[in-house]
Q: 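Shown below is the structure under consideration.
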Protein chains: 2
Amino acid sequence: MEERVKEIKQQLSAHSYKLTPQREATVRVLLENEQDHLSAEDVYLLVKEKAPEIGLATVYRTLELLSDLSIIHKLNFGDGVTRYEFRAEGAEHHHHHLICLHCGRVDEITDDWLGPIENRVQKEFDFQIIDHRLTFHGICHRCKDQVKDPKKAVSSKVT
Amino acid sequence: MEERVKEIKQQLSAHSYKLTPQREATVRVLLENEQDHLSAEDVYLLVKEKAPEIGLATVYRTLELLSDLSIIHKLNFGDGVTRYEFRAEGAEHHHHHLICLHCGRVDEITDDWLGPIENRVQKEFDFQIIDHRLTFHGICHRCKDQVKDPKKAVSSKVT
DNA sequence: AATCTAAATGATAAAAAATATCATTTGATA
DNA sequence: TATCAAATGATATTTTTTATCATTTAGATT
């Protein structure tokens, strides 16, 4: 934990940004909730518990900064809110998500399974890939018994 | 074109919805711009050219309806706007997109390349897939000569 | 340690997208 | 043609995010 804060401090310094108390509080909230996919509002409320004086704008600015430096990633699960996630350490790319249309939970595939497909894209489309997003929408193992006809699951909310 | 309008009319009827003049105008705009990825605002402005009396709310409602019936899909390319695309006829799933971080253009992969990966997801995660979204972010063939260091391309806007 | 300055912050206004409300109109059916 | 639920248009409202700007702060420089 302390190490990761330190590491992020260095990444900020490298681009002449400071790790201010507000930024540190925000980073710590992100680290403490690494397995979740927090929105800016979520982060704001959590940070406020420990640093009540922080402003919402600062949280937005910090998340944008961390995103610019590729320390975190922006995510969009189609609910109209941008969510944030730590970039997997050392990983070249973003990992994949499984969104359950029944309970709304989001599971992760932490490995990158897209290698072969990326090669094809680079070759057949002459497209140089920098990142990707892969999301599956369906019914998770927890809900499969409660859903009789998965084909009828409402997928209109999916973007 | 006329056939597709007719087909959509039948899909609506099947769920006891009417193909009103406003809905038809909206559908025609979508059909005429099938290769684009129009936002609700885009559709609204285009429909207004031919049917100036239409209201923005009606366009939103029509797009939502078409989406509910899986006639069109919602898309999100990370610019804060929902976009819409015709669902590929007969295709089980959604196709894939290549977003150029340099020029912003969006190309398509109309085949579904995810078969093997989907099998793995179903097996290893016990997750029943209904749909998916796959997007690659990078540098397209048109821009590759103008971009020296692709790794530096701004990917912070990506969600 | 006191001073300085650009960077950062907090409060809040504003913008932008999408949804909700509601009186009015319309289209299919009787 | 009369009826009535469905659909529409205008607009208010909500929600998320960005912009503005006066004030504060962190770190460098004396």
Side-chain angles (χ1 to χ4, degrees), chain A residues 5 8-27 29 37-45 47-48 50-69 72 74-84 154 156-159, chain B residues 8-27 29 37-45 47-48 50-69 72-84 154 156-159:
Chain A
V5 173
I8 289 164
K9 181 173 185 173
Q10 288 168 353
Q11 292 177 269
L12 290 175
S13 301
H15 295 83
S16 28
Y17 292 110
K18 306 164 191 172
L19 184 64
T20 62
Q22 291 90 339
R23 286 178 182 163
E24 182 168 342
T26 303
V27 163
V29 161
H37 303 99
L38 303 177
S39 67
E41 191 76 24
D42 294 337
V43 174
Y44 174 61
L45 293 174
V47 173
K48 271 207 130 179
K50 298 191 173 177
E53 75 288 354
I54 201 168
L56 177 59
T58 300
V59 171
Y60 270 101
R61 280 183 292 233
T62 301
L63 293 171
E64 192 64 29
L65 175 61
L66 295 173
S67 181
D68 283 345
L69 298 181
I72 60 177
K74 290 184 181 181
L75 300 177
N76 193 305
F77 293 146
D79 60 354
V81 183
T82 300
R83 298 178 177 280
Y84 300 86
V154 192
S156 76
K157 291 289 167 193
V158 170
T159 62
Chain B
I8 289 164
K9 181 173 185 172
Q10 289 169 352
Q11 292 177 271
L12 289 175
S13 302
H15 295 83
S16 27
Y17 291 110
K18 307 166 191 171
L19 184 63
T20 63
Q22 292 90 339
R23 286 178 181 164
E24 182 168 341
T26 303
V27 164
V29 160
H37 302 99
L38 303 177
S39 67
E41 190 76 25
D42 294 337
V43 174
Y44 174 61
L45 293 174
V47 174
K48 271 207 129 178
K50 298 191 173 178
E53 74 289 356
I54 201 169
L56 177 58
T58 300
V59 171
Y60 270 102
R61 281 184 292 233
T62 300
L63 293 172
E64 192 64 28
L65 175 61
L66 295 173
S67 180
D68 283 344
L69 297 182
I72 60 176
H73 269 306
K74 291 184 181 181
L75 300 177
N76 193 306
F77 293 146
D79 59 354
V81 183
T82 300
R83 299 178 176 279
Y84 300 87
V154 192
S156 76
K157 291 288 167 192
V158 169
T159 62

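In this text, all values refer to a predicted model and were calculated from it rather than measured experimentally. Convention: sequence-line order gives letters A, B, ...; per-chain numbering from 1.
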Q: Just how far is it from atom CZ of B:Arg61 to atom CG of B:Leu56, taken to the nearest 0.5 Å?
A: 9.5 Å
Q: C:dA18 C1' sits how many Å from B:Asn76 CG, rounded?
A: 13 Å
Q: Just verifying a value: how many Å separate A:Thr82 OG1 and A:Leu75 CG, rounded to the nearest 0.5 Å?
A: 9.0 Å
Q: Round to the nearest Å and state the distance from A:His15 atom NE2 to C:dA7 atom P.
A: 16 Å
Q: Quick one: B:Leu38 CG to C:dA18 P, roughly how many Å, whole number?
A: 13 Å
Q: Could you say whether B:Arg83 or A:Gly55 is positioned toward the 5' end of DNA chain C, judged by the nucleotide with the nearest heavy atom to each?
A: A:Gly55
Q: Quick one: do A:Glu41 and A:Arg83 make a salt bridge, cutoff under 4.0 Å?
A: no
Q: Do A:Ser67 side-chain atoms and A:Leu63 backbone N/O form a donor-acceptor pair below 3.5 Å?
A: no
Q: Atom NZ of B:Lys74 and atom OH of B:Tyr84: how far apart are they, to the nearest 0.5 Å?
A: 5.0 Å
Q: Would you list the atom pairs, donor with acceptor, under 3.5 Å between side chains in residues 14-21 of chain A and any protein atom, with sequence neighbours excluded?
A:
from    : atom 1 : to      : atom 2 : distance (Å)
A:His15 : ND1    : A:Gln11 : O      : 3.1
A:Thr20 : OG1    : A:Arg23 : N      : 3.2

Q: Does the side chain of A:Thr26 come within less than 4.5 Å of A:Ile54's, by heavy atoms?
A: yes
Q: Assign a letter to each nucleotide of nucleotides 21-30 of chain D from its 5' end: B, base within under 4.0 Å of a protein heavy atom; S, sugar-phosphate only; -, no contact.
A: -----S----
Q: For B:Arg23 and for B:Leu56, find the nucleotide of DNA chain D with the closest heavy atom, then tell me which residue's nucleotide is more 5'.
A: B:Arg23
Q: Report yes or no: does A:Asp68 contribute a side-chain atom to a donor-acceptor pair with the main-chain N or O of A:Leu65 at less than 3.5 Å?
A: no
Q: Could you give the CD-to-C1' distance, from B:Glu53 to D:dT8, as a whole number of Å?
A: 10 Å
Q: A:Glu24 versus A:Val5: any side-chain heavy-atom pair under 4.5 Å?
A: yes
Q: Please state how far atom CG in B:Asp42 lies from atom C1' in C:dA17, giving the value in whole angstrom units.
A: 13 Å
Q: Using atom OH of B:Tyr44 as one end and atom P of D:dG9 as the other, report the distance to the nearest whole Å.
A: 9 Å
Q: Hey, what are the protein-to-nucleotides 13-15 of chain C N/O distances that come in under 3.5 Å?
A:
none

Q: Calculate the interatomic distance between B:Leu45 atom CG and C:dA17 atom P; express it in whole Å.
A: 11 Å
Q: Side chain of A:Ala57, heavy atoms from C-beta onward: which of D:dT11, C:dA17, D:dA19 has the nearest atom to it?
A: D:dA19
Q: OP1 or OP2 of C:dT19 versus the side-chain N and O atoms of B:Tyr60: is any pair under 4.0 Å?
A: no
Q: Looking at B:Thr82, I'd like to know whether one of its side-chain N or O atoms comes within less than 4.0 Å of OP1 or OP2 on C:dA18.
A: yes
Q: Under 4.0 Å between any heavy atoms, over every strand shown, what does A:Glu41 touch: base, sugar-phosphate, or nothing? Just pick one.
A: nothing
Q: How many whole angstroms separate atom CD of B:Glu64 from atom P of C:dA18?
A: 10 Å
